[in-house]
Each structure stands twice: as structure tokens, then as C-alpha cells.
Amino acid sequence: MSSRHRFDRAHTDDLMSFLAASPSPYHAVANAAARLEAAGFRQVEETAAWDATAGGKYVLRGGAIIAWYVPEGATAHTPFRIVGAHTDSPNLRVKPLPDTGSHGWRQVAVEVYGGTLLNTWLDRDLGLAGRISLRDGTDRLVNVDRALLRVPQLAVHLDRSANTDGLKLDRQRHMQPIWGLGEVAEGDLIRFVAEEAGVDAEDVTGWDLMPHAIEPPSYLGRDRELVAGPRMDNLLSVHAATAALAAVAELPDEELPYIPVLAAFDHEENGSQSDTGADGPLLGTVLERSVFARGGTYEDRARAFAGTVCLSSDTGHAVHPNYAERHDPTHHPVANGGPILKVNVNMRYATDGSGRAVFAAACEKAGVPWQTFVSNNSMPCGTTIGPITAARHGIMTVDIGVAILSMHSARELCGADDPYLLANALTAFLTD
């Protein structure tokens with residue numbers, strides 16, 4: 001193994017397993033919950049009364065999970081330390097009337113979700129995953145993890161300008177995957193999915209389904225110092241935060257001056273405005289109920305929030321060697337350089353100088369190198385759940401993440417050491 005491999009790759013190996021097992025936000029939160037259950041956490045229902053017992057707890061709602069650990073001796077006004085992330089990734093989503101096709105081809109009607117790079121979905125073998133909702137009010141996860149769908153690209157013979165003028169894709173006409181031959185039959189896709197899930201198609205009354213690339217994550221490069229895989233934006237952060245929360249829950253309670261929290265939301269890629277998104281009330285409700293369950297008052301809630309800090313962990317841009325001019329000339333995050341601090345003075349990222357100090361202290365405690373990302377002034381800056389979290393809940397929020405290439409592609413790229421470095425920094429943050 002090359003001397004460049006400075007760290008144990010067990011964390012990155014586990015990340016790749018997590019990515020492969022999480023083709024939808026619903027699978028991601030189920031897998032995160034399973035890891036937390038193994039660490040002693042227990043699920044609490046939103047419709048039930050909550051108690052003041054110490055220990056690890058979590059709430060599941062759709063594609064979101066909020067988990068927290070209450071140490072023995074925590075007061076009603078004990079502040080929280082939150083790691084925020086999101087479970088969704090830009091992709092294609094199945095429409096309510098999915099059966100379509102023409103000219104002898106059977107196709108699946110899909111809608112483009114988020115700001116995906118459309119061309120990366122072409123000529124890939126795609127599976128189908130998500131959840132189906134049943135007549136009895138329950139949901140069932142489904143994952144057809146084999147070559148089922150394909151969005152075929154037009155041959156170069158029929159588009160001679162594709163390599164000179166650029167590929168032009170119409171989101172409606174060109175992105176509908178094929179899945180077979182023959183006449184279109186209404187209800188075919190859901191009958192197939194129901195059979196895969198082992199339920200009666202007549203009992204399926206709703207669905208949230210999405211194609212996914214079935215190629216597994218893999219190490220890349222001569223020295224295997226890179227990782228290629230799907231949905232790194234932002235399951236890389238969800239995985240790291242889950243690992244960090246499970247790790248701090250094993251520490252003696254007297255070493256936890258805060259209540260550590262994982263908040264992984266859905267729908268970040270289309271604005272976070274949903275009951276499971278960061279712009280919804282879910283996080284605030286969970287934190288408040290935790291305060292009130294421990295006998296707290298509104299005053300205790302205000303004191304706890306005033307001392308709370310959130311790290312909004314999402315992927316960011318590594319400097320691209322083929323497009324270096326698109327990046328800020330003095331801020332060039334590199335793969336395996338450690339997590340990045342994301343800064344934008346117009347508050348597209350929530351970081352300020354005080355937040356920078358909190359993040360720097362956590363990295364120093366963990367012995368983790370870190371970098372800074374700032375957008376080129378000539379390029380629009382993206383955003384995250386960070387500013388939403390800060391504004392909605394009035395808590396200090398710092399935007400961080402891991403630098404990657406091919407963001408919003410069906411398959412993204414990061415340094416193989418960076419997921420481990422991020423997890424260590426998050427662990428230190430939750431306990432410092």
C-alpha cells in the first residue's frame with residue numbers, strides 16, 4: 001500500500017457500503033437508524049408522549065431522521081451540538097402515471113429532481129428504489145438493484161454536432177428511460193414493483209420511486225487514494241454524522257457538556273420546503289420537545305438554543321484541474337486535504353468568524369487538517385441547509401463539508417481519506 005495512505009480505510013469501506021445500500025432517502029434514514037440502534041439508540045414516535053430518560057433517541061419521518069443523545073445529568077437548558085445534513089440527491093423521480101412509451105418501446109415517465117447533471121444519467125444501467133405506500137397506511141421500502149432501466153443517448157450519426165456544439169437535452173423529451181419492448185399497459189410498473197416488494201398491487205396506493213445507478217462505489221487511482229460513487233452529495237455527510245453520534249454515545253456522560261444531535265433532512269436539493277426539509281418545523285419541534293420532556297420551560301428552551309451550534313455538513317467543490325479558472329484564485333480545496341469551511345459573505349453559507357473559530361477548534365482537537373472554500377466572485381454561489389437552519393431557529397450555524405468533483409453527477413468523486421477526517425472532526429465538535 002502506498003505511503004500516501006495515512007489512515008485506516010475501514011470508515012471509507014463502510015461509507016461505500018452505506019452508499020450502495022441507500023439508493024433513496026428512505027433507505028438512507030433506515031440504514032442510519034439501524035446503525036444507531038446498534039449503538040443503543042431507540043426510536044420514539046412523534047405521536048407518543050416523550051419522557052425525560054437519558055440515552056440515545058431518534059425520530060424518523062419520511063426521508064428525514066433526527067437523533068440525539070441525552071447524557072445523565074443534562075439539564076433542561078443544556079445546549080445542543082447539531083450536525084446537519086441532507087439525505088436527498090439530484091436524480092430522476094417516477095411520475096404519478098408512470099407507464100409510457102412509443103414506437104414499440106416501453107418507458108417509465110420520470111421528472112427531473114433537483115439540479116442533476118442530465119448527461120450523467122445517459123447510457124447507465126439503472127435500478128429502481130424508494131418506497132410504496134399501502135392501503136393500510138404503512139410504507140414499504142423497495143429496491144430493485146439490478147439493470148432495469150436505461151436512458152439511451154442518441155447516436156452520434158444522428159447528432160453530428162454533439163461533440164462540437166455540445167449535447168443539448170430536453171428534460172421532458174430526452175430523459176424518459178426505457179425498460180422493455182411492447183405495448184404500453186397502464187399499471188405495469190406498479191404491478192412489477194409490488195411483486196418485487198412482495199405485496200398485492202391492489203394494496204399500493206402511493207409511491208415515491210427513483211432510478212439509481214447500480215454500479216457500486218469503488219476506489220480509484222493508481223494508489224486507490226480516491227473514491228467514486230453515487231449520492232456522496234450528501235450521504236457522505238449523513239454517514240459521517242451517524243458514525244460520530246454513535247461514537248460520542250459510547251463516551252462517559254460526564255465528557256458530554258452538550259446534547260449531541262444528528263439532523264438529516266430531505267428535499268435540500270429543491271429548496272428544503274417540506275415537512276421533512278430543513279425549512280420545516282421538524283428540528284425545532286424535536287429540540288423543544290426534548291427540553292420540555294426534561295421539565296424545561298420556554299426560558300430553558302431559549303437558553304438552550306442560545307448556546308447551541310450547528311455544523312451544516314454538505315459537499316463542496318474541490319478545485320477542478322480542467323477548469324481551475326472557475327474557482328477562486330486563492331482558495332483551492334484539494335482532495336484528501338481535510339474537510340472544508342464554506343464561506344460566503346452574502347450568507348449563501350452561514351459561516352462567520354465566530355463559527356470559523358468553533359470549527360477550527362474541533363479540527364485542532366481531532367488533529368484534522370482543514371481547508372477553506374470561497375466561490376469565484378464571477379460565479380453564482382450555491383447554498384445549503386445552513387442559512388435556513390440559522391434563520392429558522394436562531395442558532396449559530398457553520399457550513400462545512402468535503403471537497404468533491406462531479407457534484408450532482410450520477411457518480412461523484414472524493415478523496416478516500418476525507419470521509420474519515422470529516423467524521424473525526426464531527427466527533428470532536430459534538431464533544432468539545
Side-chain angles (χ1 to χ4, degrees), residues 4 6-7 83-86 89-90 115 117 220-221 225-228 232-234 236-237 240-241 268-269 309-391 396-409 412-426 428-429:
R4 297 180 188 180
R6 295 175 292 162
F7 306 108
V83 178
H86 66 88
S89 301
L117 285 169
L220 185 144
E225 69 264 53
L226 300 169
V227 171
M232 290 184 181
D233 179 8
N234 186 32
L236 188 159
S237 293
E268 188 272 349
E269 297 293 356
V309 183
C310 174
L311 289 188
S312 166
S313 183
D314 204 344
T315 54
H317 301 292
V319 62
H320 197 302
N322 297 338
Y323 301 91
E325 72 281 359
R326 304 292 183 95
H327 299 267
D328 183 84
T330 58
H331 295 79
H332 282 176
V334 296
N336 287 336
I340 56 174
L341 180 75
K342 301 160 77 171
V343 179
N344 178 263
V345 294
N346 294 301
M347 289 290 105
R348 299 290 286 172
Y349 303 130
T351 306
D352 63 10
S354 297
R356 184 183 192 276
V358 171
F359 178 64
C363 290
E364 182 177 353
K365 177 181 178 180
V368 167
W370 58 280
Q371 312 174 80
T372 304
F373 171 82
V374 179
S375 288
N376 185 308
N377 283 325
S378 300
M379 305 292 293
C381 179
T383 191
T384 69
I385 66 166
I388 294 171
T389 303
M396 177 189 288
T397 304
V398 188
D399 272 296
I400 67 161
V402 162
I404 70 171
L405 292 181
S406 304
M407 185 183 293
H408 288 196
S409 169
E412 297 161 322
L413 184 72
C414 77
D417 292 330
D418 283 331
Y420 174 79
L421 294 172
L422 174 65
N424 282 358
L426 297 182
F429 164 74

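All of these numbers come straight from a predicted model, not from anything done at the bench.
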Is there any side-chain hydrogen bond (donor to acceptor under 3.5 Å, both in side chains) pair reaching into residues 338-347, and which pairs are they, with sequence neighbours excluded?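 As it turns out, there is no side-chain hydrogen bond (donor to acceptor under 3.5 Å, both in side chains) pair with a partner in residues 338-347 once direct neighbours are skipped.
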All pairs passing side-chain hydrogen bond (donor to acceptor under 3.5 Å, both in side chains) where residues 319-332 contributes a residue, at least two apart: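 As it turns out, the side-chain hydrogen bond (donor to acceptor under 3.5 Å, both in side chains) pairs with a partner in residues 319-332, which skip direct neighbours, are D328-T330, D328-H331.
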Which heavy atom in [X] sits nearest to a heavy atom in [Y], and how many Å separate them?
X: L226; Y: G415; value: CD2-CA, 4.1 Å
X: A362; Y: A425; value: CB-O, 3.9 Å
X: A318; Y: L405; value: O-CD2, 3.6 Å
X: S378; Y: N376; value: N-OD1, 2.8 Å
X: P419; Y: A240; value: O-CB, 4.4 Å
X: A241; Y: V83; value: CB-CG1, 3.6 Å

Have S312 and D399 got a donor and an acceptor in their side chains that come within less than 3.5 Å?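 Note: S312 and D399 side chains meet the donor-acceptor criterion.
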[X] [atom1] to [Y] [atom2] distance, which is reported to the nearest 0.5 Å:
X: Q371; Y: D418; atom1: CD; atom2: CG; result: 7.0 Å
X: T372; Y: I400; atom1: OG1; atom2: CD1; result: 12.0 Å
X: L311; Y: M396; atom1: CG; atom2: CE; result: 10.5 Å
X: L422; Y: C414; atom1: CG; atom2: SG; result: 10.0 Å
X: I404; Y: I340; atom1: CD1; atom2: CD1; result: 9.0 Å

Excluding sequence neighbours, so at least two apart, what forms side-chain contact (heavy atoms from CB on, under 4.5 Å) with E269?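 For E269 the side-chain contact (heavy atoms from CB on, under 4.5 Å) partners, ignoring immediate neighbours, are H86, D88, P90, Y113, D233, H408.
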Is there a side-chain contact between V402 and M232 in this structure, where contact means two heavy atoms from C-beta onward sitting under 4.5 Å apart?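 Of all side-chain heavy-atom pairs linking M232 with V402, none is under 4.5 Å.
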Ring pair (Phe, Tyr, Trp, His ring centres under 6.0 Å) partners for F373, two or more places apart: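 With sequence neighbours excluded, F373 shows a ring pair (Phe, Tyr, Trp, His ring centres under 6.0 Å) to H317, given in chain and number order.
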Can you run down the ring pair (Phe, Tyr, Trp, His ring centres under 6.0 Å) pairs that involve residues 346-365, sequence neighbours left out, and say none if there aren't any?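 Residue pairs with at least one partner in residues 346-365: F359-W370.
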Under a 3.5 Å distance rule, please check whether N336 uses its side chain to pair with a backbone N or O of D417 as donor and acceptor.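 Checked: pair present.
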Check: E268 side chain, A85 main-chain N or O, donor-acceptor pair, under 3.5 Å: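 Absent.
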Please name all residues satisfying side-chain hydrogen bond (donor to acceptor under 3.5 Å, both in side chains) with E412, sequence neighbours left out, ordered by chain then number.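 Testing E412 for side-chain hydrogen bond (donor to acceptor under 3.5 Å, both in side chains), a comparison that skips the adjacent residues, returns none.
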